[in-house]
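Structure record follows, encoded as structure tokens.
As the structure is a prediction and not an experimental result, all values here were calculated from the model. Atom set for the values below is all heavy atoms of this structure, side chains included, hydrogens, waters and symmetry mates excluded.
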Amino acid sequence: PAFTAQSGLADMPDDGDDIDFYTWLFMPEELFDLLVTQTNLYTTEFNAAAQPSPNSCTGTWRPVSKVEMKRVFALYILTSLVKKSQLREYWCTDFLTSTPVFPSIMARNRFEAIFKFPRFANKATVDKDDKLYKVKPLIDLLSDLFRTVYVPQKQIFVDEELVKYKA
């Protein structure tokens with residue numbers, strides 16, 4: 001059959017700005033649904049097995065919401081723009097070195113608790129023979145998304161440096 005597809009980006013949102021495009025392409029709602037569901041499931045299982053102290057970040061765990069997970073992602077991306085030697089320093093209250101945006105978005109203890117447990121897969125239902133089982137649902141989700149978002153041209157060339165070769 002002849003190649004008749006229109007190559008390029010498909011189903012791109014018409015209105016919006018660069019942030020909308022970025023979130024549409026790399027951070028779809030399905031990603032956060034998966035992450036929130038699996039993180040809450042794992043944390044519930046972890047707390048049931050570990051019986052953590054009430055003073056620990058997991059002992060006071062409450063289920064994470066999609067909004068909170070998006071905030072954790074945003075804060076983590078922001079750490080690449082504002083360099084500090086330790087993660088806890090972003091919540092420092094010292095007059096000279098404080099970064100007030102971090103505590104205004106999320107409390108440090110809550111950030112650390114959520115950041116400790118992100119999960120993409122339920123280990124009870126995955127194929128543990130697959131070495132990528134912990135991120136397989138993420139790979140599948142993004143592969144499906146990229147397949148619907150971009151239609152390649154008729155001919156695709158692969159640079160030989162990208163393909164592992166043993167002579």
Side-chain angles (χ1 to χ4, degrees), residues 8-50 52-94 97-128 130-151:
L9 286 174
D11 299 329
M12 195 167 100
D14 294 329
D15 55 342
D17 54 16
D18 292 341
I19 295 292
D20 293 333
F21 176 76
Y22 178 79
T23 56
W24 167 72
L25 188 56
F26 296 109
M27 294 185 172
E29 292 298 314
E30 296 87 357
L31 168 71
F32 290 103
D33 291 336
L34 173 68
L35 192 54
V36 166
T37 302
Q38 294 305 320
T39 299
N40 286 331
L41 177 66
Y42 177 78
T43 309
T44 302
E45 292 170 354
F46 177 86
N47 283 344
S53 159
N55 297 332
S56 71
C57 66
T58 57
T60 58
W61 178 264
R62 67 182 188 282
V64 65
S65 68
K66 198 173 356 178
V67 170
E68 285 180 307
M69 192 61 78
K70 287 180 178 184
R71 288 178 180 175
V72 167
F73 262 66
L75 290 174
Y76 192 70
I77 290 170
L78 190 56
T79 62
S80 67
L81 300 175
V82 180
K83 298 292 184 189
K84 300 216 178 190
S85 61
Q86 293 181 351
L87 196 57
R88 287 180 156 236
E89 290 181 8
Y90 291 98
W91 283 267
C92 174
T93 58
D94 181 67
T97 60
S98 69
T99 44
V101 68
F102 284 83
S104 71
I105 293 175
M106 181 175 282
R108 184 194 72 214
N109 290 350
R110 183 64 175 159
F111 177 87
E112 287 177 342
I114 296 170
F115 193 70
K116 183 177 181 178
F117 290 109
R119 294 293 187 275
F120 293 103
N122 181 353
K123 63 182 179 179
T125 61
V126 294
D127 175 17
K128 292 194 179 173
D130 183 357
K131 292 181 180 180
L132 296 174
Y133 77 92
K134 289 185 177 182
V135 292
K136 184 77 166 118
L138 173 66
I139 292 170
D140 293 344
L141 184 136
L142 292 177
S143 293
D144 291 344
L145 173 71
F146 295 158
R147 213 173 279 117
T148 61
V149 167
Y150 183 76
V151 177

Which pair of heavy atoms, one from I77 and one from M27, lies closest together, and at what distance?
CD1-CE, 3.6 Å
Quick one: does any side-chain atom of T43 pair with a main-chain N or O of N40 as donor and acceptor, under 3.5 Å?
no
Between W91 and F111, is the ring centre distance below 6.0 Å?
yes
What verdict does the side chain to side chain contact (heavy atoms under 4.5 Å, CB included) test give for F73 and L35, after you've listed the backbone C-alpha separation in whole Å, the side-chain angles of each residue and the deciding distance to 0.1 Å?
CA-CA 11 Å; F73 262 66; L35 192 54; 3.3 Å; yes
Walk me through whether V67 and M69 qualify under side chain to side chain contact (heavy atoms under 4.5 Å, CB included).
CA-CA 5 Å; V67 170; M69 192 61 78; over 6 Å; no
Nearest atoms (heavy-atom pairs only) where P103 meets Y90
CD-O, 4.0 Å
Taking the six-membered ring of F120 as reference, does the NZ or CZ atom of K134 fall below 6.0 Å from its centre and within a 45° cone about the axis?
no
Apply salt bridge (charged side-chain N to carboxylate O under 4.0 Å, His left out) to residues E89 and R108 and explain how you reach the verdict.
CA-CA 10 Å; E89 290 181 8; R108 184 194 72 214; over 6 Å; no
Counting the benzene-type ring for Trp, do F146 and Y150 have ring centres under 6.0 Å apart?
no
So, for V72 and I114, which heavy atoms are closest and what is the spacing to 0.1 Å?
CG2-CG2, 3.7 Å
Restricting to non-hydrogen atoms, name the atom on E68 and the atom on V64 that form the minimum distance, rounded to 0.1 Å.
OE1-CA, 3.5 Å
All salt bridge (Lys or Arg N to Asp or Glu O under 4.0 Å) counterparts of D140, not counting sequence neighbours:
K136
Which atom pair, heavy atoms only, marks the closest approach of Y133 to A121?
O-CB, 3.4 Å
Shortest non-hydrogen contact from T79 to L87?
CG2-CD1, 4.2 Å
Charged N to carboxylate O below 4.0 Å: is that the case for R119 and E45?
no
Under 30°, 30 to 60°, or over 60°: which ring-plane class applies to Y42 and F117, parallel, tilted or perpendicular?
tilted
Using a 6.0 Å cut-off, check whether atom NZ of K66 has over 12 heavy atoms from anything other than its own residue.
yes
